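Below: the structure, in structure tokens.
Just so you know, these numbers use all the heavy atoms, side chains as well, and skip hydrogens, waters and symmetry mates. In what follows, chains carry the letters A, B, and so on, assigned in the order in which the sequence lines appear, proteins first and then strands, with residues in each chain numbered from 1. All values reported here derive from a predicted model rather than from experimental measurement.
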Amino acid sequence: MAGQAALTIQAKPQARVRARRFRVGAWMLPGYTHLVILWLFMPIFVMILFAFNDTHGKYNLQWTGFTLKWFEHPFAIPTLTSALVSSLSTATLGMLISTVLGTLIALAFHRYAFRGRTILDSILIMNIAASEVVIGSALLTLFIAGNVPLGFLTIVLAQVMFSIPFVAVTVRARLAGFDPALEEAAEDLGASPIETFMLVTLPIIFPGVIAAALLAFAICLDDYVITSFVAGNTQTFPLWVYGATRLGVPPQVNVIGTFIFLGGCLISVTFAAFRTWRNSQLAREAQA
Amino acid sequence: MSDTDRDRPSYLDPSFLRGLTQARFSRRTALKGAGMLSAAGFLAACGIGGKTSAPTSAHVNWVWDKATKAGTLDFANWPLYIDTGTDAAGNTTYPSLEQFTKDTGIKVNYSEPIQDDASFFAKIAPTLQQGASTGYDIIVITNGIQMSNLQLKHWLVELDPSKMPNFFKNAAPRLLTRSFDVGNKFTMPWQSGFTGIGYNPSRTGRDITSFQDLFDPAFKGKVGMFAGNQDTGNLALVGIGVKPEKSTPADWQRAADKLKQQRDGGIVRKYYDQSYIKALAAGDTWISMAWSGDIFQANLSAGNNDLKFVIPVEGGLIWTDNMCIPVGAAHPVDAITYMDYVYQPEVAATLAEYIDYITPVPGAKAIIEQQAATEPDKDTKAALLGTSESPLVFPPAGELAQTSYYRDLTTSEATQWNAIFNSVIIT
Amino acid sequence: MQAVAAAGAGPRKPALRVRFARAAAPYLLILPGGGWLFLFFLLPILALAVTSLESGDFIAGFNFDWNVGNYTFGLQLYSSQFLHSIEYGGAATIVAFLVAYPAAYWIAFHAGPRKAAYLLIVLLPFFVSFVIRTLSWETLLADYGPLFKPLKDAGLLPGDFRVLATPVAVTGGLAYTFFPFMMLPIFASLEKIDRRLVEAAEDLFANRFEVFRRVIFPLSLPGVFAGVLLTGIPAVADYVNQDLLGGVGTTMIGRVIEEQFEVDINYPLAASLAFIFMVGLLAMLLAYQRIFGTKEILSD
Amino acid sequence: MTERQADGGGSAAPGDAVVSLEQVVKSFGSVIAVDHLDLEIRRGEFFSMLGPSGCGKTTTLRIIGGFEEPTEGTVKLDGRDVTDLPAYKRDVNTVFQSYGLFPHLNVFDNVAFGLRRRKVTGKEVERRVGEALELVNLTRMGRRRPSQLSGGQQQRVALARALVNHPQVLLLDEPLGALDLKLRKQMQLELKRIQDEVGITFIFVTHDQEEAMTISDRIAVMNHGRIEQLGRPEEVYERPSTTFVAEFLGASNLLHGKYAGVENGWGVVELDTGKRLLVKADPELAVAEQVKVGVRPEKITVHSRAQSLEPGVNTLEATLTSAVFVGVSYQYFFATKEGGGLSAFDRNAGGGPVAAQGEAVSLAWRPEHTFVIPVGTGETQPAAEAPLVGEPA
């Protein structure tokens, strides 16, 4: 009996292999893709691994044993913690302001044909494509010339500046599929322009606005080059980490990096789950 | 602060800088840079309006008459350049600073933004140029171009000698006659150190003694040099047998040519900033220009207790990092209180035990020996003795004689120096 | 109708107020953001241009005197750094393309229902700060790091083999850092391709390779060009990768600009270098815009 | 010509006009979309604007709705000048071509949207939305999202959403365009029923002449931003006043000639070949005026040459060039001496085609079915090529 069962089990896959022509190309491409993914994750693995390294001195370069102690006190370095806090606060401010301003630009592009459209368009592209080192140095030049004290304020000014185009582009992409009749319909039904925006336009483009805001937050949080030019004495997380590279980055950085990575995963998974849930919810509503 | 700052009389005693040939700089000249873009028309309002005042000796009184103790202090230092501990919650603490707070009631906001002199100077310079406060009461700057510039630009508060009794009592005699701060008007040393050669004997396979070892083809691609051109340039001068302080631009060029050989021969792996120590510890370099205290620190780290530091037979460099008060500092009294505070032997001893650079207070040695004598724990005792006996912390006179200070440079010399050595380093 | 003709002397036009409000609306919308970009993007570039024509030094002060010498001096002194930038940035762009395209192709066409998941996975590493990722590469690629130590211990690699502190490490790091900018536009353009076109090509006797060469690849070109642009420009300018992963003789122009600004305080020289660099890139961008338009960049 | 024909529809008492446009112009840059348009729409009527795409009909509708401001001219709603009033302050509602249903709201909230903007609350909203949904037969769909509805259902929601506000005028911008033929026919009747029921003025824009004729009380045929003809469906069909109208509303057989005056109570047109055709006498036509004479294909009967025809009937000699079987009828194409081909429909009564290909036949029709179009200088050309084959009306 057992032998027979084994035979049938074996027989099946063989049959399938024969049925489908076996080709080298069939596994090469997926194999390559998975190798790429491995390559993409290698530094992340290293980061996470060394968050558990039981290092004793200043250097967290060689594996010296497993420990959880860095996770007990991830905020043990006051200057690192305050750098993280200022990063989060500049990024939050930068996100809020650039999301509003960028969305307004996207709306203008979506709704109106106006003089200067192509110029603004070119400025947006230039901004996206311009090198950070050029923008950073230009901003520094201006701030020095204009006697603007460098610090938190100038970081926010800069971060908003380089986030606006990304927000505008992202929201515009969302608006591209937006039926202008919807706004007209709202207006037609007695909604003032503000009501129209709040009740119709915003709810519909909201996923795009959220995506734009997250993008803006991410690039503000992660920016090193421009921020380093205009930060003055203010330390942000990337600036602190970059400064610390000279001596060896303490394991707390790995811990915080791991948290950020997990946070990113969590947000993505939540988004995906929310989508699935919403779709099923809609399906259920339809059946009711 | 900027209001009072504007009223502040300018001062300058040009004699403090050896070789300084330029005319005095008035505040107006100094602020010209701030108006540099006025040609563009949109910057008319920027700070050209600073008052010009003749230098006056009244300066010292001017700051210190008005200033009072504020009970707080912003201290900008280099990374890992102070004693640290860990509290119950695992947070990093600075015991000597806490002790200071207990003793004086002054709370210290301690930060470590200084990675190297040049970039830190470049960072605070625009602020100072604007006549604004850097936000720091104490900064730690190495003798060298930036220190000269700070003084040239009148960006340091002249110290009040009456507020620095410990300094005059306990500082090493050699520190009272520094060429870059004649009369101790602007600075008090924080620590000094040597620039020499660090190496990993297990990798090099032999002891390193000479500057020439940095040129050994056997170490091809495994040699680290400094990206800071003061260290690299001066060490190369010493290496080719020229005393830096007596060197001429022709010597600089010869030194640079020597360094170019090393570079083009593929011997140098990279021109490092402070990160050299990481490379040395990781084995990426086997032999490297190094600062004395770092080697000790690196050996504290697990798996790296075999690094060695040597002052080459040709001679090494000695430098001094100096505490100073930038103009516009909000809490000068608190600052000078702290600067003098660390000149107590007990405090100096605490710092020396941790930092392992040359302490400015020779009297600390006796304190550490005392502590070692009464220390019950064997390891701790050995560590204390290691510090008190270390020639890198309490260098004997012979060792000091073997070393040179950086070449003092005028502004125009600095430009020449930068051009010559940057052409080696920046490739 | 006669009544109408009698009603007004001339044609009736809408009230001025209404017309103004409607005409002003787009400008009111773009004013805050556009103003921000003007103040903190265009104006700084103007300031940069002015600074680049100054002379003097930091101690004595800088004067605007049409000092074109900064440009010739800068170009002459740092020509090899400009070259490095183009070499490494260009090589990194090619590497990123070679890595991204097949992966994007497979995910877009053959990953089936797991397409979204794969795309997400590809992007996840980029949640982590770019400085930390680059640092991780430094650790990974160290001469006795986790990647090479085992190989060296096993005798598979010579003891003096190294990747860190070489142009290879810099190029790899750049390709890694800007990978999403290559991957996303290519993926987006591949995804847009109508599957029926593939079927049509197959129907017309094209084999798989021919389908790819004659149909899919040409249709994905806008995404490829956008990716090349979005990867190439920042890669050419980057200096963090070079700083952490490079060695002797790998200095890129971004580093020089940064050093002139942030270390040597030679603002005019730094500004002229930045300006040369920007104008060069802008020329490339304009050429690109001429040939391919900007739609792909803006819609992805 | 426009003016003459606009009056031809019979003028309404001024007080009865719910919408009136006076000398309205709309230009987009150099393109003139609406060209000095005068129009009055009567309270309670089902009014259609018909024309090819680009004729300005949608722009006119959008001007009434407040989505476009006229470059010149006045828009009056119920006698009140609303030219400067934005859409949300006008007592007019629109059913959009793409429906414009809010995708993030369900059917109920979509329909309630306008009520809530007018601060109607609670039970009243529920009652009125319920009524509106009942009116369009969607009573049980309130919880659904627009994306879960069929095209026809979406169309009904859009209608309910507009009607629930009891506007003075309902604007419909090609609302049936996206529906398939069968559904479209059904919705046409439905629209007519609903309009009867609620008594609201409907202004309907379409490019489908059959649709316009099916449901409208009056039709304005537009071309190049002007109204070519305005009147009841029968009027514009049977007596088109321009070539454009004649050709846009179904197939026409047009022959060129000149007006020869009145004989025996009939007007006479002399074709270029000298052939004389009888038409309705028109006092506005001058003798010797260049005209086109037309007859709708379904009015033509086909006879063998030998057959004698009753007097007073217009006849033409022709040769059958092709016959096409279209189910309900045969469609014939003829060549004539007078130039140009003529077409005719013959009901498929079971007898097979009346003639063989190449056969010489006589075509006949009654003088009262003949229409005359003056060839004036203001003659406009059709914006779109007129359909060669029209379906029987």
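Enclosure of atom CZ in C:Phe73 is not indicated, since only 12 or fewer non-hydrogen atoms of other residues, nucleotides or ligands lie within 6.0 angstrom. Within 6.0 Å of NZ on B:Lys258 lie more than 12 heavy atoms contributed by other residues, nucleotides or ligands.
Residues B:Asp284 and C:Tyr144 share a closest heavy-atom pair of OD1-N, 4.3 Å. When all heavy atoms are compared, the tightest approach of C:Phe58 to B:Lys153 is O-NZ, 3.2 Å. Closest approach of C:Tyr267 to B:Pro126, counting heavy atoms only: OH-CG, 3.5 Å.
Rounding to the nearest 0.5 Å places OG of B:Ser119 at 15.0 Å from CZ of C:Phe261. Taking OG of B:Ser412 as the start and CG of C:Asp57 as the end, the distance is 9.0 Å to the nearest 0.5 Å. Atom-to-atom distance recorded for C:Leu77:CG and B:Ile426:CD1 is 8.5 Å, nearest 0.5 angstrom.
Heavy atoms closer than 4.5 Å to chain B are found nowhere in C:Thr139, neither backbone nor side chain. Of the two parts of B:Asn422, only the side chain, counted from C-beta on, holds a non-hydrogen atom closer than 4.5 Å to a non-hydrogen atom of chain C. Only the backbone of C:Leu244 comes within less than 4.5 Å of a heavy atom of chain B; no side-chain atom from C-beta onward does.
Side-chain contact between B:Asn149 and C:Ile265 is absent, with no heavy atoms from C-beta onward closer than 4.5 Å. With a 4.5 Å cut-off on side-chain heavy atoms, B:Lys270 and C:Leu164 do not count as touching. At a threshold of 4.5 Å between non-hydrogen side-chain atoms, the residues B:Lys222 and C:Asp143 count as touching.
With no hydrogens or angles considered, no side-chain donor-acceptor pair links B:Asn418 and C:Asn266 at under 3.5 Å.
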Could you walk me through whether C:Asp160 and B:Lys220 satisfy the side chain to side chain contact (heavy atoms under 4.5 Å, CB included) test, starting with their C-alpha distance in whole Å, then the side-chain angles of each, then the deciding distance to 0.1 Å, before giving a yes or no? CA-CA 9 Å; C:Asp160 61 353; B:Lys220 200 172 164 182; over 6 Å; no

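Ranked by heavy-atom pairs under 4.5 Å with chain C, the list B:Lys278, B:Lys123, B:Gln146, B:Arg203 is led by B:Arg203. Contact count versus chain B (heavy atoms, under 4.5 Å) is highest, among C:Ala49, C:Gly145, C:Gly246, for C:Gly246. Per-residue counts of heavy-atom pairs under 4.5 Å with chain B were compared for C:His84, C:Gln81, C:Arg255; the largest is that of C:Gln81.
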